[in-house]
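Take a look at the structure below.
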Protein chains: 2
Amino acid sequence: MSDVLRLDAFLPFRLSFTSNLVSDTIAGIYVALFDLRIPEWRLIAVVAEEEASPLGGATQQEIGRRTRMDKVTVSRAAIAMVERGLMARVAHPDDKRSHLLHLTDAGRDLYAQVAPKALELERRIFARFDAAELAAFTATLRKIDAAILAEEQAG
Amino acid sequence: MSDVLRLDAFLPFRLSFTSNLVSDTIAGIYVALFDLRIPEWRLIAVVAEEEASPLGGATQQEIGRRTRMDKVTVSRAAIAMVERGLMARVAHPDDKRSHLLHLTDAGRDLYAQVAPKALELERRIFARFDAAELAAFTATLRKIDAAILAEEQAG
DNA sequence: GGATAGTAGTAGCATTTGACACCATGTCGG
DNA sequence: CCGACATGGTGTCAAATGCTACTACTATCC
């Protein structure tokens, strides 16, 4: 960290730059292959994971918490998925305000295609990095998250 | 990199998550303090750097190339800055289609406030990291950029 | 047990952002 | 030089995203 501002070396800028590069690449591929926007495919990923949980699904609120997406974004993605027949809602057993999202058979089929493709993309981009470098990288990312969330707490 | 998909461990997701966290924090502060959106403050940063260059300013195209912002985004930010009296355009000596953006006195004054604030924010977020960790982190970011840009080239 | 405050989710509106079309100017091949 | 194509920049429109307000339901606390 220097004491003159050079945008090119300014960490928040670099982070945003790289993140956009990665996201745009992936977003384009997902739309082309599966007609899924990023929020939608995140929904699928979270719901697929949560189907193994005791409740057998995920609430929109849980999805928002885990992905830090706005609840409006989650709502819209959920509506789109239900309309496409990839997900269904069941009443939440303990709270009638809420629903549990789970995958339909069609949704599970799609997930079976989407997940390997995601991992393949990840490998293609990150193939040239060794495991230690990637581990250090993600560890730093998580430390940054923690630092900011702590700031937010503190105000 | 595992062979099952867990969103929480999926690198493109982690990257986007952290980047949004950082960007949102900074964006909020910049709007509150200076009424500057991110594209606008990037404009100021690039133009301030380029004023030292032979041409004494930056073209919008140059700004777009360096920040990877859409040329429309750059155009709008430039119009806003000129309207606010922070920047002015001078004719490009060699190309009448183009202009050079440079800072007005008011723009330079603002930059003198903005730049230290940016560095302070960066320090506040990244204070807990040692130099080696940050260096490794940014090196990895740049390698990711290179990997993706090479992919784009290849198609 | 009813008023009050809080939460899950949606709708409508405003803002932001990018895609596309366009104008003005510039460049290059003949 | 002059037509064909490329480039800098802006206007216009569509898509994406977030804010605010709202409905429906739940929890709490006298």
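Within every chain, numbering begins at 1; the chains are lettered A, B, ... in the order of the sequence lines, protein sequences first and strands thereafter. Keep in mind it's a predicted model, so treat the numbers as computed, not measured.
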**Request:** Starting from P on dA16(D), measure out to CG on Asp24(A) and report it in whole angstrom.
**Result:** 13 Å
**Prompt:** What is the distance, rounded to the nearest whole Å, between atom CD of Glu40(B) and atom P of dT15(C)?
**Reply:** 14 Å
**Request:** Remember a base hit wins even if backbone is also touched, and classify Arg76(A) as base, sugar-phosphate or nothing at under 4.0 Å, heavy atoms.
**Result:** base
**Message:** Over all strands shown, is His99(A) touching base, sugar-phosphate only, or nothing at heavy-atom distances under 4.0 angstrom?
**Reply:** sugar-phosphate
**Request:** Identify which nucleotide among dG9(C), dT26(D), dG9(D) has an atom closest to any side-chain atom of Ser75(B), counting heavy atoms from C-beta outward.
**Result:** dG9(D)
**Fill in**
When Pro39(A) and Asp94(A) are each assigned the nearest nucleotide of DNA chain D, the 5'-most assignment goes to Pro39(A)
**Message:** What's the closest nucleotide to the side chain of Ser98(A) if the choices are dA8(C), dT10(C), dT10(D)?
**Reply:** dA8(C)
**Message:** Between Gln60(A) and dT10(C), is there a contact of a side-chain N or O with OP1 or OP2 at under 4.0 Å?
**Reply:** yes
**Request:** Specify the separation, in whole Å, of atom CG of Leu43(A) and atom P of dA16(D).
**Result:** 15 Å
**Item:** Ion pair Glu122(A)/Lys117(A), N-O distance below 4.0 Å
**Value:** no
**Request:** Grab the CG-C1' distance between Leu36(B) and dT16(C) for me, whole Å please.
**Result:** 16 Å
**Message:** So, under a plain 3.5 Å distance rule, would you say the side chain of Arg97(B) forms a donor-acceptor pair with the base of dT7(D)?
**Reply:** yes
**Rounded distance in Å - CG (Asp35(B)) to P (dT16(C))** = 10 Å
**Asked** Whole-Å distance between dT7(C) P and Ile63(A) CD1?
**Response** 19 Å
**Asked** To the nearest Å, how far apart are Asp70(A) CG and dC19(D) C1'?
**Response** 8 Å
**Request:** Would you mind telling me which of dG18(D), dG9(D), dA19(C) lies closest to the side-chain atoms of Val72(B)?
**Result:** dA19(C)
**Asked** So which nucleotide from dG9(D), dT10(C), dA16(D) ends up closest to the side chain of Arg89(B)?
**Response** dG9(D)
**Message:** Parallel, tilted or perpendicular: which one describes the rings of Phe10(A) and Trp41(B), with boundaries at 30° and 60°?
**Reply:** perpendicular
**Asked** Does a donor on one side chain sit under 3.5 Å from an acceptor on the other, for Arg89(B) and Gln60(B)?
**Response** yes
**Request:** Measure the distance from NZ on Lys71(B) to C1' on dA24(C) and round it to the nearest whole Å.
**Result:** 12 Å
**Message:** Counting the atoms with a prime plus P, OP1 and OP2 as sugar-phosphate, which does Lys96(B) contact under 4.0 Å by heavy atoms, base, sugar-phosphate, or nothing?
**Reply:** sugar-phosphate
**Message:** We want to know whether Gln61(B) and Ser98(B) form a side-chain donor-acceptor pair, criterion being a heavy-atom distance below 3.5 angstrom.
**Reply:** no
**Item:** Donor-acceptor contact present, side-chain Tyr30(A) to main-chain Ala118(A), <3.5 Å
**Value:** yes
